[in-house]
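Structure record follows, encoded as structure tokens.
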Amino acid sequence: KNPAYNPLVPDWESNPDTKLTVGNGVLVITATSKGPSMNTRGLPAAKGPFTVELRMKSNSKGGARIFWAASPKEGYAPEHAAKFTPQHDDEWHDYEVKLPVEQAIQILRLDPSAAPGVMRIEFLRLKDADGKVVKGWKFGKPAE
């Protein structure tokens with residue numbers, strides 16, 4: 001078993017400058033550098049284009065991106081990223097980000113800001129072309 005595994009943050013891992021914890025039923029992302037990120041792998045097969053929906057609040061700065069990859073060998077490339085502009089006013093906001101990819105994807109990476117700070121996510125979901133949830137995450141409860 002992975003000693004860094006956190007059952008309250010199933011499926012997600014972060015870069016070394018980003019800490020993932022859970023508090024009050026939300027995912028708390030604490031970034032100590034200008035490049036916070038978290039990623040998940042092994043997504044169920046589905047057909048795009050995809051949409052990522054999330055509810056987030058932040059006291060950080062800068063733009064955000066969601067990267068995708070069809071396989072671990074593919075890696076993260078600028079042409080496989082969708083940008084969005086979060087509001088960093090420490091209030092809750094809902095975001096809907098379109099991923100213009102038709103093929104199945106295995107990996108998602110969220111870069112929630114471009115600066116140090118604290119971001120909170122209540123939920124995150126990946127939807128397929130028909131609007132069906134391919135994979136969803138609500139933080140704060142162990143996976144069943």
Side-chain angles (χ1 to χ4, degrees), residues 1-23 25-88 92-144:
K1 239 182 170 186
N2 178 354
Y5 175 76
N6 181 343
L8 297 179
V9 189
D11 305 330
W12 290 94
E13 57 187 41
S14 64
N15 69 12
D17 297 327
T18 307
K19 182 178 177 184
L20 303 179
T21 58
V22 174
V26 298
L27 175 65
V28 180
I29 305 164
T30 305
T32 58
S33 76
K34 62 181 182 176
S37 73
M38 57 187 252
N39 67 76
T40 187
R41 298 171 181 265
L43 297 171
K47 183 155 176 57
F50 297 95
T51 303
V52 173
E53 296 177 343
L54 67 146
R55 176 171 291 150
M56 180 173 79
K57 73 177 182 175
S58 168
N59 68 10
S60 186
K61 295 179 183 175
R65 296 182 293 181
I66 298 175
F67 289 88
W68 66 86
S71 74
K73 292 179 183 179
E74 192 172 279
Y76 304 112
E79 60 272 12
H80 291 167
K83 296 178 182 180
F84 69 103
T85 305
Q87 296 184 45
H88 299 292
W92 288 108
H93 299 280
D94 293 330
Y95 301 97
E96 185 175 283
V97 183
K98 304 289 185 191
L99 306 183
V101 56
E102 298 287 333
Q103 67 191 25
I105 57 177
Q106 290 187 14
I107 301 170
L108 275 183
R109 183 178 107 187
L110 171 63
D111 295 5
S113 73
V118 177
M119 290 125 296
R120 290 173 172 80
I121 295 179
E122 184 179 318
F123 67 82
L124 195 147
R125 23 182 195 252
L126 176 67
K127 291 185 168 182
D128 67 12
D130 296 325
K132 291 175 48 182
V133 175
V134 174
K135 181 80 176 179
W137 299 268
K138 276 195 83 149
F139 302 99
K141 297 181 180 179
E144 296 178 6

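Note that the structure is a prediction, hence the values are computed from the model and not measured. What's counted below: heavy atoms across the whole structure, side chains too, no hydrogens, waters or symmetry copies.
Taking the side chain as every heavy atom from C-beta outward, Trp137 and Trp12 approach each other to under 4.5 Å. No side-chain heavy atom of Leu43 sits less than 4.5 Å from a side-chain heavy atom of Gln106. Side-chain contact between Val26 and Trp92 is present, with at least one heavy-atom pair separated by less than 4.5 Å. Side-chain contact between Val118 and Ile29 is absent, with no heavy atoms from C-beta onward closer than 4.5 Å. Counting heavy atoms from C-beta outward, Ile105 and His80 have side chains that stay 4.5 Å or more apart. Between Ile107 and Tyr76, the closest side-chain pair of non-hydrogen atoms falls below 4.5 Å. Considering only heavy atoms from C-beta on, Lys83 stays 4.5 Å or farther from Thr85 through its side chain. Within the 4.5 Å cutoff, the side chain of Arg109 has no heavy atoms near those of the Met38 side chain.
Classification of the Phe84-Tyr95 ring pair by plane angle, with boundaries at 30° and 60°, yields tilted.
Across Lys135 and Pro44, no two heavy atoms sit closer than the pair CB-CD, 4.2 Å. Considering all non-hydrogen atoms of both residues, Pro36 and Thr18 come closest at CA-OG1, 3.2 Å. Between Lys47 and Asp128, the closest heavy-atom pair is O-CB, 3.5 Å. Nearest approach of Ala104 to Phe50, heavy atoms of both residues: CA-CZ, 4.4 Å. Of all non-hydrogen atoms in Pro72 and Arg41, the two that sit nearest each other are CB-NH1, 3.6 Å. For the residue pair Ala69 and Gly75, the shortest heavy atom distance occurs at CB-O, 3.6 Å.
Here the OG1 atom belonging to Thr51 is positioned 11.0 Å from the CZ atom belonging to Arg125, to the nearest 0.5 angstrom. Between atom OG1 of residue Thr21 and atom CG of residue Leu27 there is a gap of 7.0 Å, rounded to the nearest 0.5 Å. In this structure, Leu54 CG and Ile66 CD1 are separated by 6.0 Å, a value rounded to the nearest 0.5 Å. A distance of 15.0 Å separates CZ in Arg55 from CZ in Arg120, rounded to the nearest 0.5 Å. Between Leu126 atom CG and Thr40 atom OG1 the span is 10.0 Å, to the nearest 0.5 Å.
Tested against His88 for a side-chain hydrogen bond (donor to acceptor under 3.5 Å, both in side chains), the candidates Ser58, Ser113, Ser60 yield a single pass: Ser58.
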Practice problem: Verify side chain to side chain contact (heavy atoms under 4.5 Å, CB included) between Val52 and Leu110, making sure each step is shown before the conclusion. | Solution: CA-CA 10 Å; Val52 173; Leu110 171 63; over 6 Å; no
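Arg65 has a carboxylate O that lies under 4.0 Å from a charged side-chain N of Asp111, or vice versa, which qualifies the two as a salt bridge. Salt-bridge formation is detected for the pair Glu96/Lys98: a Lys NZ or Arg NE/NH1/NH2 atom is positioned less than 4.0 Å from an Asp or Glu carboxylate oxygen.
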